[in-house]
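The structure under discussion appears below in the form of structure tokens.
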Amino acid sequence: MTRILIAEDEPRISAFVQRGLESAGYATIVIEDGLEALDAVLAGDIDLVLLDVGLPGMDGFEVLRNLRGQGSAVPVIMLTARTSTRDTVQGLDAGANDYVPKPFKFDELLARVRSRLRETTPTGPVSIVQGDVTLDILSRRATVNGREVDLSAREFALAEQFMRNSGQVLSREQLLSRVWGLDFDPGSNVVDVYVRYLRGKFGHDRITTVRGAGYRWE
Ligand code: CA
């Protein structure tokens with residue numbers, strides 16, 4: 001059975017995540033302290049770690065650096081503050097495989113967990129390739145035709161959503177909840193603004209507006 005360690009000191013969040021993961025068929029362990037979490041992962045028998053940034057004992061970044069420093073390749077998904085792009089960048093630099101900004105929808109977390117568990121080479125470069133566009137998830141680099149494109153953390157997260165679901169229409173609400181977090185103002189036009197940024201960077205034909213429905217990456 002796949003065992004997931006939930007390193008999270010907020011009982012409300014860990015209980016919610018634990019309930020969801022167990023009903024999805026995973027075994028879980030909740031640990032509230034960073035140092036204890038590190039020991040538990042190093043002791044082995046953990047298939048994936050959900051790692052909060054702000055933990056007592058040792059913070060999430062330190063835990064991650066120690067894990068990677070000691071050669072552990074266990075997939076790690078950081079649970080970051082929604083507004084902190086710095087947390088995201090720092091987490092990926094420290095060797096996180098993915099990040100989920102708080103607050104998140106359980107379904108989104110589950111999708112990330114499944115996709116991380118499916119990857120066969122957790123320490124190798126994780127890239128999404130669509131035609132001439134490549135996103136390297138670990139180094140957070142984007143290229144078009146081999147030419148590097150400079151993206152902010154949010155632009156990168158949005159491009160990632162589009163490319164993981166290319167050919168499908170994604171609604172503004174889906175994009176808001178996946179990229180900006182659950183409690184973002186649903187009336188906000190931030191998605192449209194960022195789609196415009198991405199079109200400017202990747203080319204206008206790449207993202208189609210589907211009237212009344214949302215956007216589709218071609
Ligand atoms: Ca915390």
Side-chain angles (χ1 to χ4, degrees), residues 48 50-51 53 75-182 184 188 190-210 214-218:
L48 183 138
L50 297 176
L51 186 56
V53 173
V76 173
I77 300 177
M78 302 290 290
L79 306 177
T80 64
R82 173 166 64 91
T83 49
S84 178
T85 52
R86 202 186 53 199
D87 277 5
T88 304
V89 172
Q90 210 180 338
L92 291 166
D93 282 349
N97 301 86
D98 206 344
Y99 58 90
V100 176
K102 289 180 186 174
F104 47 79
K105 275 190 175 158
F106 182 75
D107 285 353
E108 187 203 349
L109 180 69
L110 184 60
R112 301 293 182 108
V113 165
R114 286 188 170 137
S115 103
R116 292 294 89 89
L117 287 170
R118 258 198 314 270
E119 278 157 11
T120 48
T121 53
T123 52
V126 180
S127 301
I128 310 173
V129 182
Q130 292 288 343
D132 57 355
V133 179
T134 300
L135 291 186
D136 185 318
I137 303 301
L138 288 189
S139 68
R140 305 179 40 73
R141 285 155 58 129
T143 56
V144 178
N145 239 329
R147 176 180 55 88
E148 192 155 344
V149 178
D150 195 29
L151 296 180
S152 71
R154 211 60 102 173
E155 289 168 345
F156 192 93
L158 183 61
E160 185 185 342
Q161 280 305 320
F162 276 125
M163 289 181 61
R164 285 191 191 280
N165 302 285
S166 75
Q168 296 174 34
V169 179
L170 296 173
S171 70
R172 285 178 180 74
E173 292 70 28
Q174 282 174 319
L175 292 167
L176 268 180
S177 78
R178 291 180 194 179
V179 177
W180 280 270
L182 233 195
F184 208 92
S188 162
V190 68
V191 171
D192 311 271
V193 170
Y194 272 78
V195 163
R196 201 155 64 229
Y197 294 159
L198 288 187
R199 282 177 173 152
K201 293 183 176 186
F202 288 107
H204 282 259
D205 302 339
R206 209 83 63 168
I207 303 170
T208 303
T209 303
V210 182
Y215 294 105
R216 183 177 60 224
W217 184 279
E218 301 298 345

Problem set entry | Any donor-acceptor pair under 3.5 Å from Arg172 side chain to Asp192 backbone | no
Problem set entry | From CA spacing to verdict: side chain to side chain contact (heavy atoms under 4.5 Å, CB included), Leu151, Leu198 | CA-CA 8 Å; Leu151 296 180; Leu198 288 187; 4.1 Å; yes
Exercise. Are any of the side-chain nitrogens in Asp150 or Lys201 under 4.0 Å away from the carboxylate oxygens of its partner?
Worked result: no
For this session: Report yes if some heavy atom in the side chain of Val144 is under 4.5 Å from a heavy atom in the side chain of Arg206; otherwise report no.
Result: yes
Exercise. Do the non-hydrogen side-chain atoms of Val100 and Leu50 ever get within less than 4.5 Å of each other?
Worked result: no
Exercise. Closest heavy-atom contact between Val210 and Val169?
Worked result: CG2-CG2, 3.8 Å
For this session: Decide yes or no for Val191 and Tyr215: does some side-chain heavy atom of the first lie under 4.5 Å from some side-chain heavy atom of the second?
Result: yes
Exercise. If we only count heavy atoms from C-beta on, is the Phe202 to Ile207 side-chain gap below 4.5 Å?
Worked result: no
Exercise. What do you reckon, is CZ of Arg141 surrounded by more than 12 foreign heavy atoms closer than 6.0 Å?
Worked result: no
For this session: Evaluate the criterion side chain to side chain contact (heavy atoms under 4.5 Å, CB included) for residue pair Trp217 and Asn165; output intermediate values, then yes/no.
Result: CA-CA 8 Å; Trp217 184 279; Asn165 302 285; over 6 Å; no
For this session: Report yes or no: does Asn97 contribute a side-chain atom to a donor-acceptor pair with the main-chain N or O of Val76 at less than 3.5 Å?
Result: yes
Seminar exercise, completed: CZ of Arg112 to CD1 of Ile77, rounded to nearest 0.5 Å, is 7.5 Å
